[in-house]
2 protein chains.
Amino acid sequence: MQLVTIKDVAKRAGVAVSTVSRVINRSGYVGEETRRKVQSAMRELNFQPNRIARGLVSRQTSTIGLLIPDVANPFFAELARGVEDAAIARGYSVLLCNSDWNAVREQMYMHLLHGRWVDGIVVVGSRSEVVAIREAADETPMVLVDRRSSDFEWAVWTDNHLGAVMAVRHLLEIGCRDIIHLAGPADSPSAQERRRGYEDAMRAAGFAPISLEGDFRYASGFSLISELIAAGRTLDAIFAGNDLMAIGAIQAATRMGVDVPRDLAIVGYDNIPSAHYVSPSLTTIEQPAYEMGKTSFELLYELLTNEELDYQQPIKFEPKLIVRESSHRPI
Amino acid sequence: MQLVTIKDVAKRAGVAVSTVSRVINRSGYVGEETRRKVQSAMRELNFQPNRIARGLVSRQTSTIGLLIPDVANPFFAELARGVEDAAIARGYSVLLCNSDWNAVREQMYMHLLHGRWVDGIVVVGSRSEVVAIREAADETPMVLVDRRSSDFEWAVWTDNHLGAVMAVRHLLEIGCRDIIHLAGPADSPSAQERRRGYEDAMRAAGFAPISLEGDFRYASGFSLISELIAAGRTLDAIFAGNDLMAIGAIQAATRMGVDVPRDLAIVGYDNIPSAHYVSPSLTTIEQPAYEMGKTSFELLYELLTNEELDYQQPIKFEPKLIVRESSHRPI
DNA sequence: ACGAAATAGGGAAACGTTTTCATCCTCTTG
DNA sequence: CAAGAGGATGAAAACGTTTCCCTATTTCGT
């Protein structure tokens with residue numbers, strides 16, 4: 001089979017290519033009968049307009065970039081689904097870009113996306129400076145997720161500071177005093193906000209904050225807590241920067257003979273699916289990943305289509321405490 | 001800022017556009033000095049060739065489609081990472097398509113990818129007939145993952161039948177007799193292969209196979225097993241078609257007061273990360289998701305670049321039994 | 001009944017590349 | 001020293017659309 005082009009359709013329908021184009025795009029004037037002729041010609045030839053050629057002239061590719069740290073992380077996977085579902089509903093396709101938490105790779109992708117003429121980009125939990133991102137992507141419209149910026153940006157976020165405060169307060173309420181924070185990477189803005197939330201809540205309660213730096217992965221939670229316990233450090237609670245590390249911490253504690261939650265209460269962040277079926281099940285701060293993804297695409301879509309759109313406040317989702325077994329404590 | 005085109009570069013370097021093109025693509029003859037002039041002009045203008053225009057004429061987009069049931073499923077997420085990492089290494093981008101286990105949506109995506117002129121498609125665990133897939137995607141090169149076909153296809157797979165047999169044998173060895181299968185959807189080929197493996201192994205051992213049909217999701221494992229136990233059905237083992245359902249089964253059993261593994265042994269399939277930290281940890285059949293993803297892209301790449309490539313046997317990965325707590329039984 | 005809209009369509013120029021062809025040098029080589 | 005082979009470059013034609021600009025008709029308000 002050879003490519004069926006708009007020309008073939010035009011010839012078959014006995015009209016000019018411009019007419020076919022008008023039929024496809026429902027633009028301009030087309031007579032009723034002509035439209036039918038063209039449409040049946042398209043059907044007969046199984047014609048599909050070529051997005052590449054279309055993109056070249058219209059300068060729109062109906063494609064967006066999704067730049068996330070790692071789809072293998074359940075939180076981002078869920079978010080990605082939200083983005084994709086919303087995108088396909090509007091006729092957009094999604095280019096998947098995993099930065100692997102790496103700023104260099106992030107920039108590289110930005111540059112690549114720019115060269116591919118994506119209509120916009122959803123950037124999740126970026127580690128790069130916003131300025132650097134902007135530069136790499138030039139003028140491509142962007143929506144930042146979970147990354148507040150002091151700049152004038154379009155964004156979707158949850159209040160990480162508040163979420164962390166909620167987590168710490170919960171631990172204080174059930175009687176914990178020696179709460180250690182398992183922080184995310186230093187160059188992740190959301191990790192830092194959570195850390196500050198933890199520190200502020202601790203200080204407000206009159207306790208000294210202590211943070212350990214992990215990398216948001218299961219293994220780092222596991223090894224940091226293993227070492228801590230092995231070193232004989234006593235503690236009665238852990239607030240982890242995300243669920244993966246929290247689950248690692250649970251495993252480490254259990255394996256070292258520390259009973260969770262009796263001797264050690266643990267709270268995570270994100271509420272990924274496995275937080276619910278790990279044992280003991282994990283108390284955590286929920287972020288509505290799917291909704292956030294969906295909303296961020298929709299915001300981007302507004303940005304792309306609504307010409308005279310004004311700057312808008314970042315869209316904020318509320319963090320929510322989900323209490324499960326890992327912080328049950330008979331008082 | 002306006003787009004920097006090859007024309008701008010040509011003007012700046014004082015050469016023709018065709019020369020610039022030759023420099024970019026390292027094709028044809030270009031004098032040493034001219035090359036340097038062009039290159040510095042490109043650098044000064046921060047020129048980036050436009051993939052869209054390039055794609056139109058060369059008919060190659062350096063983009064592939066990744067059609068999977070659901071990125072939110074950890075197995076597919078891991079596989080997607082494999083595909084993407086391999087793709088980016090060769091300069092390809094990946095268009096993410098979640099079919100949501102839905103054959104109609106699958107066809108729709110195929111059609112869409114065809115219209116976007118992707119160079120190739122990696123199709124994972126498809127539910128559609130191969131013929132239908134082919135048709136929708138026309139002549140676009142494809143690699144099938146985890147989907148053997150009687151047709152003449154390029155594929156990457158693991159022996160699902162064997163994996164299932166291994167799982168059942170393991171259960172028999174630890175003394176289980178009343179083994180029920182929690183099958184995946186009827187129209188998923190890999191689910192059916194696993195089911196047949198289960199049935200064959202059971203019959204070979206002289207037992208009658210009994211299967212329940214789930215949908216590969218956590219909830220279906222949970223509810224099917226809850227109902228089964230509530231109905232008073234006695235059983236001493238479950239072999240689930242994937243880990244998500246197996247974990248659902250573990251939770252259901254535990255919640256109904258059935259001790260896993262003492263009263264009920266459970267084996268899953270896939271070896272997703274949470275199989276390792278669910279409690280009791282889950283015995284499962286491992287599939288090397290990341291490797292499979294990586295390999296499938298590489299196979300596709302071969303297909304795209306190596307003109308005189310001959311038909312090749314499907315690439316086969318070995319399933320592997322990972323024994324964990326959910327099937328520990330003191331004999 | 002007359003001119004201005006409105007409606008309907010065609011022709012051709014873009015869009016930013018690659019690629020083919022033609023041209024013009026400068027060496028070899030017999 | 002003529003003939004051909006390389007080497008280096010430019011001009012222009014693709015690629016498959018959209019879009020702008022025309023030219024006809026028809027419809028309608030006055």
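Residues satisfying the side-chain contact (heavy atoms from CB on, under 4.5 Å) criterion with A:K11, sequence neighbours excluded, are absent altogether. In this structure A:S99 satisfies the side chain to side chain donor-acceptor pair (under 3.5 Å) test with no other residue, sequence neighbours excluded. B:D215 pairs by the salt bridge (charged side-chain N to carboxylate O under 4.0 Å, His left out) definition with B:R217, not counting sequence neighbours. A:R116 pairs by the side chain to side chain donor-acceptor pair (under 3.5 Å) definition with B:T63, B:S93, not counting sequence neighbours. Annotation: side chain to side chain donor-acceptor pair (under 3.5 Å) contacts of B:T140 (sequence neighbours excluded): none. Residues satisfying the salt bridge (charged side-chain N to carboxylate O under 4.0 Å, His left out) test with A:D85, not counting sequence neighbours, are A:R81, B:R105. Under the rule for a salt bridge (charged side-chain N to carboxylate O under 4.0 Å, His left out), the partners of B:R36 that lie at least two apart in sequence or sit in another chain are B:E32.
Atoms NZ (A:K11) and P (D:dT17) sit 14 Å apart, rounded to a whole Å. Regarding B:Q60, its CD atom lies at a distance of 21 Å from the P atom of C:dG16, rounded to whole Å. If you measure from atom CD of B:E33 to atom C1' of D:dG7, you get 15 Å, rounded to the nearest angstrom. Atoms CZ (B:R59) and C1' (D:dT17) sit 13 Å apart, rounded to a whole Å. When rounded to the nearest whole Å, the span between CD1 of A:I6 and P of D:dT17 equals 6 Å. The nearest whole Å value for the distance from the CH2 atom in B:W117 to the C1' atom in C:dT18 is 13 Å. Here C:dG11 presents its P atom at 13 Å from NZ of A:K7, a figure rounded to the nearest Å.
A donor-acceptor pair under 3.5 Å is formed between the side chain of B:S58 and the backbone N or O of B:R54.
Between its opening and closing five pairs, the helix from C:dA1-D:dT30 to C:dG30-D:dC1 changes axis direction by 30°, a value rounded to 10 degrees.
Residue B:S21 has a polar side-chain atom (N or O) positioned under 4.0 Å from OP1 or OP2 of C:dT18. At least one side-chain nitrogen or oxygen of A:R54 sits closer than 4.0 Å to the OP1 or OP2 atom of D:dT18. Residue B:T19 places at least one side-chain N or O closer than 4.0 Å to OP1 or OP2 of D:dG10.
Note on residues 12-25 of chain B: pairs passing salt bridge (Lys or Arg N to Asp or Glu O under 4.0 Å), not counting sequence neighbours, are B:R12-B:E44.
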Taking N or O atoms only and anything under 3.5 Å, show me the protein contacts with nucleotides 20-24 of chain D, one pair per line.
none

Do any N or O atoms of the protein come closer than 3.5 Å to N or O atoms of nucleotides 4-8 of chain C, and which pairs are they?
{"unit_1": "C:dT7", "atom_1": "OP2", "unit_2": "A:Y29", "atom_2": "OH", "d": "3.0"}

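B:A86 and B:E298 make their closest contact through CB-OE2, 4.3 Å (heavy atoms, listed as atom of the first residue, atom of the second, distance).
Comparing atom distances between the A:A16 side chain and each of C:dG10, C:dA14, C:dT17 picks out C:dG10 as nearest.
Each of B:V15 and B:S58 was assigned the nucleotide of DNA chain D with the nearest heavy atom; the assignment lying further toward the 5' end belongs to B:V15.
Counted within 6.0 Å of NZ on A:K37, heavy atoms from surrounding residues, nucleotides or ligands total more than 12; the atom is thus considered enclosed.
Against DNA chain D, the stretch residues 35-52 of chain B makes no heavy-atom approach under 4.0 Å.
Note: A:L56 CG to B:N50 CG = 6.5 Å, rounded to the nearest 0.5 Å. To the nearest 0.5 Å, atoms CD1 (A:I52) and CH2 (B:W117) are separated by 7.0 Å.
In this pair, A:F76 and A:W101 present their aromatic rings perpendicular. The plane angle is above 60°, beyond the 30 to 60° band.
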